[in-house]
Participant: 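Next up is a structure, given as structure tokens.
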Amino acid sequence: MKITDIIYPTKCVFCGKLLKSSEYGYCEKCRDSIPYVTEPVCFRCGKPLADYEKEYCLNCEGLQHSMLDGGRAVWVYDDMTRPAMVDFKYGGNSEDASVFADEVVSICYDYLQKCSPNVIVPVPVHRKRFRYRGYNQAERLSLEIGARIGVQTRNLIKRTYYTPPMKSLSAEERKKNLLKAFEADEEKCAGFTADTALLVDDIYTTGSTVEICAGVLKSIGIKKVYAVYMCIGKDY
């Protein structure tokens, strides 16, 4: 055991239980209960579907044209995964990004190989939220994923408009709120070119944020935009 493990004991990211030396990231009980995303999933965003007869989730079915070329998630967003995402996002547990990135690369390995991104782009947070949290959880996750697959992370998008929490809003209401919230960071984009980008976020709900960010990336010349997220809701 390392001295750092004694001073800063490693805890399960889900239940907070101290981990045994043979455990990493999760205790055995939580690992057996984690709701991983399984097929069938939406062809576009990766949301779990009720049956194999469907190709798209309800949100994606309503899109006449999508800026997103594909998406995948690791876990279903439910009562078990929600506390871990809240702690990662608001609780200062930014170090959990390492555990989460290991899961992304392991579970989504074939997808990442198929996408073959030239750059990883985190979904940005507004500076007001950044000051409050001290970090952008999507950026921390992006850097960890990038380190594992050998792809650079660049903050090509900035959030220029502060939007209040939108949990209670419909997909259309969210989209209206977000349309003016994101734009390309001209300084970071200057002289930069890439064919394929991988957007990274912690949670996918209606898809409005990812859709708009994908549009921003395509507006600066990126041809293909894929996405990966830790959690996603079901379509049923």
Participant: Would you compute the distance between atom OG of Ser33 and atom CE of Met80 and round it to the nearest 0.5 angstrom?
Facilitator: 5.0 Å
Participant: Could you state whether Val225 and Met67 fall into the same hydrophobic cluster, counting links through intermediate Ile, Leu, Val, Met, Phe, Trp or Tyr residues with side-chain heavy atoms under 4.5 angstrom apart?
Facilitator: no
Participant: What's the separation between atom CG in Leu49 and atom OH in Tyr236, rounded to the nearest 0.5 Å?
Facilitator: 8.5 Å
Participant: Could you pull out the closest heavy-atom pair between Val210 and Leu199, with the gap in Å?
Facilitator: O-CD1, 3.7 Å
Participant: Give me the one residue out of Arg140, Lys89, Arg133 that meets salt bridge (Lys or Arg N to Asp or Glu O under 4.0 Å) with Asp202.
Facilitator: Lys89
Participant: Is the closest side-chain heavy-atom distance between Pro35 and Thr81 below 4.5 Å?
Facilitator: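 In contact.
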Participant: Side chains of Val76 and Cys231: does their closest heavy-atom pair fall under 4.5 Å?
Facilitator: no
Participant: Given side chains that start at C-beta, do those of Phe192 and Gln152 come closer than 4.5 Å, heavy atoms only?
Facilitator: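 Of all side-chain heavy-atom pairs linking Gln152 with Phe192, at least one is under 4.5 Å.
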Participant: Are Val151 and Tyr109 connected in the hydrophobic side-chain network, where two residues link if heavy atoms are under 4.5 Å apart?
Facilitator: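 Each belongs to a different hydrophobic cluster.
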Participant: Stepwise, does the side chain to side chain contact (heavy atoms under 4.5 Å, CB included) test hold for Thr160 with Phe182?
Facilitator: CA-CA 6 Å; Thr160 57; Phe182 299 99; over 6 Å; no
Participant: Report the residue from Leu112, Val119, Thr153 that forms a side chain to side chain contact (heavy atoms under 4.5 Å, CB included) with Leu198.
Facilitator: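 The side chain to side chain contact (heavy atoms under 4.5 Å, CB included) with Leu198 is passed solely by Leu112 among Leu112, Val119, Thr153.
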Participant: Going by atom types only, do Glu211 and Ser66 share a side-chain donor-acceptor pair under 3.5 Å?
Facilitator: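 Yes, because at least one side-chain N or O of Glu211 sits under 3.5 Å from a partner of the opposite role on Ser66.
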Participant: What are the two closest non-hydrogen atoms of Leu217 and Ala197, and how far apart are they?
Facilitator: CD1-CB, 4.0 Å
Participant: Compare every heavy atom of Leu141 with every heavy atom of Ala101, then report the nearest pair and how far apart it is.
Facilitator: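 Shortest heavy-atom separation between Ala101 and Leu141 comes out as N-CD1, 3.8 Å.
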Participant: A side-chain contact here means heavy atoms from C-beta on lying under 4.5 Å apart; do Tyr135 and Val125 qualify?
Facilitator: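 They are not in side-chain contact.
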Participant: Which pair of non-hydrogen atoms, one from Cys12 and one from Tyr26, has the smallest distance, and what is that distance?
Facilitator: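 Shortest heavy-atom contact: SG-CA, 3.7 Å.
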Participant: With a 4.5 Å heavy-atom cut-off, do Ile149 and Ile120 have their side chains touching?
Facilitator: yes
Participant: Any carboxylate oxygen within less than 4.0 angstrom of a Lys/Arg side-chain nitrogen, looking at Asp195 and Lys224?
Facilitator: no
Participant: If you define the side chain from C-beta out and look only at heavy atoms, does anything of Asp201 sit under 4.5 Å from Ile203?
Facilitator: no
Participant: When you compare the side chains of Asp102 and Tyr24, does any donor N or O come within less than 3.5 Å of an acceptor on the partner?
Facilitator: yes
Participant: State the SG-CZ distance between Cys60 and Arg44, to the nearest 0.5 angstrom.
Facilitator: 5.0 Å
Participant: Restricting to non-hydrogen atoms, name the atom on Leu19 and the atom on Cys27 that form the minimum distance, rounded to 0.1 Å.
Facilitator: CD2-N, 3.4 Å
Participant: Evaluate ring-ring contact (aromatic ring centres under 6.0 Å, His included) for Trp75 paired with Tyr229, printing each intermediate quantity in order.
Facilitator: CA-CA 9 Å; Trp75 302 318; Tyr229 359 88; over 10 Å; no
Participant: Taking the side chain as every heavy atom from C-beta outward, state whether Glu28 and Lys20 have any pair of such atoms under 4.5 Å apart.
Facilitator: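 Contact flag for Glu28/Lys20 side chains = yes.
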Participant: More than 12 foreign heavy atoms under 6.0 Å from CZ of Arg82: is that the case here?
Facilitator: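 Atom CZ in Arg82 is packed in, count exceeds 12.
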Participant: State yes or no: do Val13 and Leu143 share one hydrophobic cluster built from I, L, V, M, F, W and Y residues joined by side-chain heavy-atom distances below 4.5 Å, directly or via other members?
Facilitator: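 No, no single cluster joins them.
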Participant: Do the side-chain N and O atoms of Arg148 and Ser98 include a donor-acceptor pair separated by under 3.5 angstrom?
Facilitator: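 On atom types as modelled, these side chains qualify, holding a pair under 3.5 Å.
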Participant: What's the separation between atom CG in Leu156 and atom CD in Glu183, rounded to the nearest 0.5 Å?
Facilitator: 13.0 Å
Participant: Before giving the answer on side chain to side chain contact (heavy atoms under 4.5 Å, CB included), spell out for Ile222 and Thr196 the whole-Å C-alpha distance, their side-chain angles and the decisive distance to 0.1 Å.
Facilitator: CA-CA 6 Å; Ile222 294 176; Thr196 307; 5.6 Å; no
Participant: Strictly distance-based, threshold 3.5 Å: is any side-chain N or O of Lys47 a donor or acceptor partner for the main-chain N or O of Arg72?
Facilitator: no
Participant: Should we say atom CD of Glu39 is surrounded by more than 12 heavy atoms from elsewhere, each under 6.0 Å from it?
Facilitator: yes
Participant: Does the pair Asp185/Arg154 count as a salt bridge with the N-to-O cut at 4.0 Å?
Facilitator: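 Here Asp185 does not pair with Arg154 in a salt bridge, since their nearest N and O are not under 4.0 Å apart.
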Participant: Treat each ILVMFWY residue as a node, draw an edge where side-chain heavy atoms are under 4.5 Å apart, and state whether Phe100 and Ile34 are in one component.
Facilitator: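 Yes; tracing contacts between hydrophobic side chains, which count when under 4.5 Å, links both residues.
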Participant: Is the closest basic N to carboxylate O distance between Lys218 and Asp69 below 4.0 Å?
Facilitator: yes
Participant: Assigning hydrophobic clusters by single linkage (Ile, Leu, Val, Met, Phe, Trp, Tyr; side-chain heavy-atom cutoff under 4.5 Å), is Ile212 placed with Tyr204?
Facilitator: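 Yes; Tyr204 is reachable from Ile212 via cluster members.
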Participant: Start with the C-alpha distance between Ile157 and Val123, add both sets of side-chain angles, then the distance that settles side chain to side chain contact (heavy atoms under 4.5 Å, CB included), and finish with yes or no.
Facilitator: CA-CA 7 Å; Ile157 307 171; Val123 170; over 6 Å; no
Participant: Side chains of Glu103 and Tyr36: do they bring a donor and an acceptor to under 3.5 Å?
Facilitator: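 On atom types as modelled, these side chains qualify, holding a pair under 3.5 Å.
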Participant: Roughly how far apart are Cys45 SG and Tyr56 OH, rounded to 0.5 Å?
Facilitator: 10.5 Å
Participant: Closest heavy-atom contact between Ala227 and Tyr111?
Facilitator: O-OH, 2.8 Å
Participant: Answer yes or no: is there a side-chain heavy-atom contact under 4.5 Å between Arg159 and Arg127?
Facilitator: no
Participant: So, taking the atom named SG in Cys108 and the one named CD in Gln113, what distance separates them when rounded to the nearest 0.5 Å?
Facilitator: 12.0 Å
